[in-house]
There are 2 protein chains.
Amino acid sequence: MGFLERVPQLDDVIARLECAARLEELQSIIEWLRDYYAVDDMVYHWVSSNGTQYGCGTYDPKWVARYLEKGYLRVDPVVIGCYQRFHPVDWKRLDWSGKAARAFMTDAMAHGIGNQGYSIPIRGPNGQFALFTVSHTCADDEWARFTELNRRDLILLAHYFNQTALKLEPGRKPEATQPLSPREVETMTLLAVGYSRAQVADTLSISEHTLRVYIESARFKLGALNTTHAVARAMARGQIVV
Amino acid sequence: MGFLERVPQLDDVIARLECAARLEELQSIIEWLRDYYAVDDMVYHWVSSNGTQYGCGTYDPKWVARYLEKGYLRVDPVVIGCYQRFHPVDWKRLDWSGKAARAFMTDAMAHGIGNQGYSIPIRGPNGQFALFTVSHTCADDEWARFTELNRRDLILLAHYFNQTALKLEPGRKPEATQPLSPREVETMTLLAVGYSRAQVADTLSISEHTLRVYIESARFKLGALNTTHAVARAMARGQIVV
DNA sequence: TACACCCTCACCAGAATTGGGGAGTTGGAA
DNA sequence: TTCCAACTCCCCAATTCTGGTGAGGGTGTA
């Protein structure tokens, strides 16, 4: 029935990804894929809401170390650009203006990063954000052909890499997200869309005193220091929909 | 090179999706897919951050109307469950306890919704959230075989449906996201992690007066009514990373 | 050279939020 | 039944936030 049932190699890779019991295994899989596609580099990089980072890929370790040391995460136009969009994006279409971005690019080039790149952003609840990137050194038209041909492979691979990485994420369980009660959810939601406490209380037809109890209890459950923090956490954890 | 280059039918559907110039075309494509996979129903449903909803699919219009009228969006365990996870999920694995959920299920059954279902959540920045769902009436083992076989097709289709829907979304352009200055980003970020204004000013080594200017200007740029709203918007739009 | 934007600082008064208390009802779960 | 969690209401005082206006120096672009 399925479109894809006749592609044993994709099946194999996905099966290997799904069976992986340790994050280290992803490294060998991604190296295999790099060779299969005959590109310079292939990288899966994931950032969770609490700042945890994990990555596997074929970048020069020196470049990875420098990237972390320099805090390039907040400069890299690939990360910034992908953070704000959903679709796979060619590096050429990103915003490389700005002093910091250009300095970053020359530094990357000096460390052997290819002039072409294609990155697939992946998002999940709890502010999860991951990138699956392919990079290469070649001419524009050759790169266009490559991405056109392999886009769908890469989307699927990005998805399964992320699935496996999330499954194996070590610091996942401790975040025992305490569920909010319906009233607390309503309260947080209305606060997140700009209502003042008085307006929220009015909207929910309860007294402002009662409302404060909800804010307090939600704040406690979310481990937040103040109302703004509580709303931010509730959003980041996907407990409210704004 | 690519794993998938030999699957012309998937190419065709994706090409049709990418060429679509109007949301109505998605409807005929999804009907075609429903027939191709020989399932009861197939639905793409998307909710944007401003509450806009869009859907196309093969559900009975009466059920869709009832769903909207009853506000089932906030009751439906499929939506609630998928909102908090990233991976495709079988309906059987969702939490159907709770009075509201059970009432919803019997109502859905009465409207001819299948007993089996498989939903793929899709997420983007700006709180975008979409669901691609396949539903059918059959036995558990038959359904397990179906999902096992077609999971990857469905992931790709979900992706391309979402891509097209976002591209065609009418209320998308007006959201001219005004970029925040570095200081404004720092301010919003620190507020989002629970710092008080005094703490933020201290951390940034500026006076609290200055800090207020940033908050005010960020609030203005974000079109926010207060600080909490500004932080929520900055987060939802991916302008700060918490 | 303008112009625009960013960063920095200041004043003031009113409005809103916050941190502690305590207490009663309801409905579902053990 | 008993217990717990959720929902509702109330007081008070200190702290914090908000809204408006003004002003100077730096940097980069047109």
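Given the structure is predicted, the values throughout are model-derived calculations rather than measurements. Residue numbers begin at 1 in each chain, while the letters A, B, ... track the order of the sequences.
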TODO: Would you mind reading off the distance between A/His209 atom NE2 and C/dT18 atom P, rounded to a whole angstrom?
DONE: 15 Å

Task: Closest to side chain of B/Val213, choosing from C/dT8, D/dA6, D/dT8 - done: C/dT8

Open item on the list: Taking the basic N atoms (NZ, or NE/NH1/NH2) and the acidic carboxylate oxygens, is any pair closer than 4.0 Å for B/Glu186 and B/Arg183?
Closed with: yes

Open item on the list: Could you measure the distance from the CG atom of B/Asn115 to the SG atom of B/Cys138? Nearest 0.5 Å is fine.
Closed with: 6.5 Å

- [ ] Answer yes or no: is there an ion pair linking A/Arg197 with A/Glu216, defined by an N-O contact shorter than 4.0 Å?
- [x] no

Open item on the list: Could you tell me how far apart B/Leu191 (CG) and D/dT18 (P) are, to the nearest whole angstrom?
Closed with: 9 Å

- [ ] Please report, rounded to the nearest Å, how far the P atom of C/dC7 is from the CD1 atom of B/Ile215.
- [x] 14 Å

TODO: For D/dT18, take OP1 and OP2 only and decide whether either is under 4.0 Å from a side-chain N or O of B/Thr227.
DONE: yes

- [ ] Specify the residue among B/Glu216 and A/Lys221 whose closest nucleotide of DNA chain D lies further upstream toward the 5′ end.
- [x] A/Lys221

- [ ] Measure from the side-chain heavy atoms of B/Thr210 and tell me the nearest of D/dC17, C/dC9, C/dC6.
- [x] C/dC9

Task: Given D/dG19, C/dT8, C/dA10, the nucleotide with the shortest approach to the side chain of B/Ser207 - done: C/dA10

Open item on the list: Distance check needed: D/dA6 P versus A/Glu186 CD, whole Å only.
Closed with: 14 Å

TODO: Report the distance from atom CZ of B/Arg212 to atom C1' of D/dG22, rounded to the nearest whole Å.
DONE: 13 Å

TODO: Whole angstrom is fine here: how far is it from CZ in B/Phe220 over to P in D/dT18?
DONE: 17 Å

Task: Nearest-Å distance for atom pair OH/C1', residues B/Tyr214 and C/dC6 - done: 7 Å

Task: Spacing between A/Asn226 atom CG and D/dT16 atom P, to the nearest angstrom - done: 11 Å

Task: Short N-O contact, A/Arg212 and A/Glu184, less than 4.0 angstrom - done: no

